[in-house]
*Asks:* 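For reference, the structure I am asking about is given below.
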2 protein chains.
Amino acid sequence: MMPTARLKDVAAIAGVSIKTVSNVVHDRPCVRPATRDRVRAAIAELGYRPNASARRLVTGRTGMIALALPEINVPYFAELSRHLADLAAARGYRVLFEQTITGVDVERTVVSGVEAGLVDGVLYHPVALTTREVAELRQHLPFVLVGEGAAPLGMDHVMIDNVAAARDAVRHLLRLGRTRIAFLGHETRSPTNTTRRRLMGYQLALEENGIAPDSDLVLAIDSFGPDEGQRVISGAIEGGMDFDGLLCRDDILAFGAMSALHAHGVRIPDDVAVVGWDDIAVSAYTEPTLTTISPDKHEIATLALDMLIERIEGHHGPGRHRLASYRLRVRASAPDDH
Amino acid sequence: MMPTARLKDVAAIAGVSIKTVSNVVHDRPCVRPATRDRVRAAIAELGYRPNASARRLVTGRTGMIALALPEINVPYFAELSRHLADLAAARGYRVLFEQTITGVDVERTVVSGVEAGLVDGVLYHPVALTTREVAELRQHLPFVLVGEGAAPLGMDHVMIDNVAAARDAVRHLLRLGRTRIAFLGHETRSPTNTTRRRLMGYQLALEENGIAPDSDLVLAIDSFGPDEGQRVISGAIEGGMDFDGLLCRDDILAFGAMSALHAHGVRIPDDVAVVGWDDIAVSAYTEPTLTTISPDKHEIATLALDMLIERIEGHHGPGRHRLASYRLRVRASAPDDH
DNA sequence: ATGAAAGCGCTAACAG
DNA sequence: CTGTTAGCGCTTTCAT
């Protein structure tokens with residue numbers, strides 16, 4: 001493996017100064033055609049590629065943004081990442097992927113940023129860190145928060161209105177005549193803001209319809225994942241829980257729940273109408289297809305990236321909080337006409 | 001936003017030379033405790049963070065690997081990425097994410113690598129590029145290929161034995177007494193190597209059992225995605241296709257197929273037994289649960305990363321081709337006892 | 001239109 | 001144990 005060619009080597013071969021080679025590399029017009037061709041030939045001959053680190057050191061710009069998410073394998077994050085990656089590429093940025101699931105420590109490390117000059121900005125979906133910690137740790141770096149986790153007022157932030165969306169979902173179930181509506185996904189240990197907000201909307205919708213929320217209908221989970229949804233709903237059915245509607249914290253839990261309902265011969269939606277959350281791709285192909293809260297992932301990605309790039313380009317205003325849109329996507333698990 | 005502190009600034013405040021500060025930053029033992037404390041205090045006071053680009057420029061090491069995949073939102077890739085990201089983090093590498101879906105050009109650009117010194121190595125899942133192109137474009141950079149796409153002999157490569165796996169899947173269906181077994185997922189335009197291999201295994205299994213492959217049972221698709229699976233299977237059913245078994249190119253197509261089967265009142269597995277491919281997380285929670293070829297994603301990730309890191313650390317041998325293991329995960333859509 | 005030279009912030013070899 | 005110094009490869013004034 002021959003040592004990588006440098007600007008200097010190209011210059012030597014082409015018989016010009018490095019400045020000229022640099023001009024050619026950057027497609028600057030101020031080079032005579034003949035010279036340009038000679039330089040181009042030398043570049044090809046040596047297989048010259050500009051060195052990224054050197055460039056960055058001098059320009060101070062990396063052209064990279066960090067995407068800090070809990071778990072890339074979770075469909076919602078994977079789908080959001082797809083939008084983010086597409087948009088970032090279109091705007092000329094590369095994406096450095098930081099997975100934060102490993103724990104609070106990792107999350108803290110990512111947020112505080114051990115090295116400077118690694119990326120130009122960070123898109124961060126907080127989970128474990130508190131608002132205060134995020135605010136304190138955040139480095140001197142453009143930062144945009146995504147999701148319902150910690151959101152210090154001073155920082156840019158994008159989310160959907162979780163309370164309103166949960167309320168809409170429950171209202172939909174009420175409209176179908178369901179009155180014993182359960183909520184699946186209350187975290188036992190430390191409830192996330194996400195769950196807290198969704199639960200709040202659930203409660204509001206019930207109360208505004210004169211139904212007293214029944215805490216027995218709020219089902220706790222120990223983990224996310226379909227297996228947990230299945231376990232908890234199986235337990236509820238076997239324990240004789242009486243319910244005719246079910247709002248799940250997310251689609252994945254809903255899949256597990258539906259699997260449990262099927263296994264116990266409970267008909268969906270006849271006996272229990274089910275609503276999920278996230279509208280991940282497969283939700284339109286389950287049996288029955290899943291009614292779900294569909295956050296506009298593309299809009300979330302666009303808003304987040306726009307704000308981040310504005311910050312990177314020097315915007316200095318106070319923290320901006322943007323709400324992305326969502327809709328209730330009605331499918332067979334809780335159809336309109338039932 | 002005050003200008004980032006440099007080694008030199010810390011040194012000035014602490015009243016030592018930059019070498020000493022560097023020693024402290026690197027936790028080198030050869031610093032007197034008193035000095036160390038003073039330096040630490042200065043670092044904290046200035047909020048000093050070492051500059052990544054400068055470090056890289058001088059060490060020539062980036063501590064990053066590129067992960068070049070077609071589409072991160074596709075569950076199989078998302079799940080594989082999760083393993084890769086976990087392992088990379090454990091080995092001290094960051095992951096730069098490069099999405100190649102946009103087209104052959106993007107794929108070519110990613111493989112050829114515009115800049116040098118951006119990453120230490122590349123994990124690449126080829127789709128559109130040919131073996132020859134990959135071999136020609138590959139830069140002077142450690143490179144490991146994943147999947148069934150182009151795989152020049154000279155380069156490291158990890159995959160599962162797709163022919164054998166497809167054969168196993170079809171054998172399983174034959175064992176269940178199915179004889180009219182269809183294959184869903186032949187690409188009309190330019191079939192990928194992946195599909196070609198799976199189709200080959202399908203054919204082999206039929207022939208070894210004395211069944212003449214019927215080209216009418218090989219169903220073409222124009223795109224991936226559940227909608228396409230649904231469309232094609234609906235068309236086949238409506239066109240009167242006679243089949244009792246179905247091997248799908250991947251789980252996502254299988255979801256669409258199952259949705260179409262349900263819609264037409266075709267019972268799974270009674271009327272048609274279905275087998276998917278990839279064993280993505282939700283496959284265990286569909287109705288019915290999906291029998292599928294389950295590649296050992298963790299093993300794929302481990303083998304790939306191990307080889308890549310060996311190359312990064314200087315290994316120079318010829319291209320190594322490794323087969324990761326797989327198993328047929330039997331679930332309700334094509335159960336053993338049927 | 002092209003060249004010479006001064007750093008960007010850090011590491012590491014070499015002195016002391 | 002600590003300081004001095006020479007680059008890493010590139011961009012960018014400032015001359016010519």
Side-chain angles (χ1 to χ4, degrees), chain A residues 2-40 42-43 46-63 113-120 139-141, chain B residues 2-40 42-43 46-63 113-120 139-141:
Chain A
M2 71 180 164
T4 4
R6 293 147 308 158
L7 221 38
K8 167 159 72 161
D9 303 319
V10 178
I13 299 244
V16 297
S17 81
I18 62 170
K19 174 74 213 283
T20 304
V21 180
S22 175
N23 284 149
V24 173
V25 169
H26 287 266
D27 274 326
R28 277 191 262 267
C30 52
V31 181
R32 224 175 327 161
T35 317
R36 176 182 306 270
D37 290 345
R38 239 169 343 119
V39 173
R40 287 249 170 82
I43 288 178
L46 266 51
Y48 169 78
R49 306 237 174 280
N51 179 297
S53 305
R55 227 173 220 186
R56 283 162 184 193
L57 178 56
V58 61
T59 61
R61 195 176 167 286
T62 69
V114 201
E115 288 181 312
L118 182 64
V119 294
D120 294 334
Q139 47 213 342
H140 303 281
L141 238 188
Chain B
M2 69 179 162
T4 7
R6 293 147 307 160
L7 220 39
K8 165 159 76 163
D9 303 318
V10 178
I13 300 243
V16 297
S17 80
I18 62 169
K19 176 71 213 281
T20 303
V21 180
S22 175
N23 283 150
V24 173
V25 169
H26 288 266
D27 274 328
R28 275 192 262 269
C30 52
V31 181
R32 224 178 324 160
T35 317
R36 175 180 306 269
D37 290 345
R38 241 174 335 125
V39 173
R40 287 248 170 82
I43 288 178
L46 266 50
Y48 168 77
R49 307 236 173 281
N51 179 296
S53 304
R55 230 175 216 185
R56 284 163 184 191
L57 178 56
V58 58
T59 61
R61 195 178 166 285
T62 69
V114 198
E115 288 181 313
L118 182 64
V119 294
D120 295 333
Q139 47 215 340
H140 302 281
L141 238 188

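Hydrogens, waters and symmetry mates are skipped; everything else that's a heavy atom, side chains included, is used.
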*Asks:* How far does the helix from C:dA1-D:dT16 to C:dG16-D:dC1 bend, going by the axes of its first and last five pairs, to the nearest 10°?
*Replies:*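 Between the axes fitted at each end of the helix from C:dA1-D:dT16 to C:dG16-D:dC1 lies an angle of 30°.
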*Asks:* How many angstroms lie between SG in B:C30 and CG in B:N23, if you round to the nearest 0.5 Å?
*Replies:*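 Answer for the SG-CG pair, B:C30 versus B:N23, is 4.5 Å.
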*Asks:* If we ignore hydrogens and angles and just use 3.5 Å, is the side chain of A:S22 paired with the main-chain N or O of A:I18 as donor and acceptor?
*Replies:*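 Side chain of A:S22 to backbone of A:I18, a donor-acceptor pair under 3.5 Å: no, none is there.
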*Asks:* Nearest whole angstrom, please: distance from the C1' of C:dA1 to the CZ of A:R38.
*Replies:*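 About 12 Å, once rounded to whole Å.
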*Asks:* Rounding to an integer number of Å, can you tell me how far A:N23 CG sits from D:dT13 C1'?
*Replies:*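 Taking atom C1' of D:dT13 as the reference, CG of A:N23 is at 13 Å.
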*Asks:* Any donor-acceptor pair under 3.5 Å linking the side chain of B:D120 with the backbone of B:T62?
*Replies:*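 Flag set: sc B:D120 to bb B:T62 pair under 3.5 Å.
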*Asks:* Checking A:D9 side chain against A:R6 main chain: does a donor-acceptor pair fall under 3.5 Å?
*Replies:*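 Looks like yes, one N/O pair under 3.5 Å.
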*Asks:* Could you go through nucleotides 7-11 of chain C and list every protein N or O atom that sits under 3.5 Å from one of its N or O atoms, giving the distance for each pair?
*Replies:*
| residue | atom | partner | partner atom | Å |
| --- | --- | --- | --- | --- |
| C:dC10 | OP1 | B:Y48 | OH | 2.6 |
| C:dC10 | OP1 | B:N51 | N | 3.2 |
| C:dC10 | OP2 | B:L7 | N | 2.6 |
| C:dT11 | OP1 | B:H26 | NE2 | 2.9 |
| C:dT11 | OP1 | B:R55 | NE | 2.7 |

*Asks:* On the nucleotide C:dG3, are OP1 or OP2 found under 4.0 Å from the side-chain N or O atoms that A:S17 carries?
*Replies:*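 So the side chain of A:S17 is within the cut-off, an N or O lying under 4.0 Å from OP1 or OP2 of C:dG3.
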*Asks:* Quick check for you: to the nearest 0.5 Å, what is the distance between B:R36 atom CZ and B:T20 atom OG1?
*Replies:*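 Between B:R36 CZ and B:T20 OG1, I get 10.5 Å after rounding to 0.5 Å.
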*Asks:* State the CZ-CG distance between B:R56 and A:N51, to the nearest 0.5 angstrom.
*Replies:*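 Going from CZ on B:R56 over to CG on A:N51, the span is 11.0 Å.
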*Asks:* How long is the straight-line distance from CG of A:L46 back to CG of A:L7, given to the nearest 0.5 Å?
*Replies:*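 Between atom CG of A:L7 and atom CG of A:L46 there are 11.0 Å.
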*Asks:* When rounded to the nearest 0.5 angstrom, what is the spacing between OG in B:S53 and CZ in A:R61?
*Replies:*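 These two atoms lie 12.0 Å from each other.
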*Asks:* Can you measure A:R61 atom CZ to D:dC10 atom P for me and round it to whole angstrom units?
*Replies:*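 Rounded to whole Å, this separation is 18 Å.
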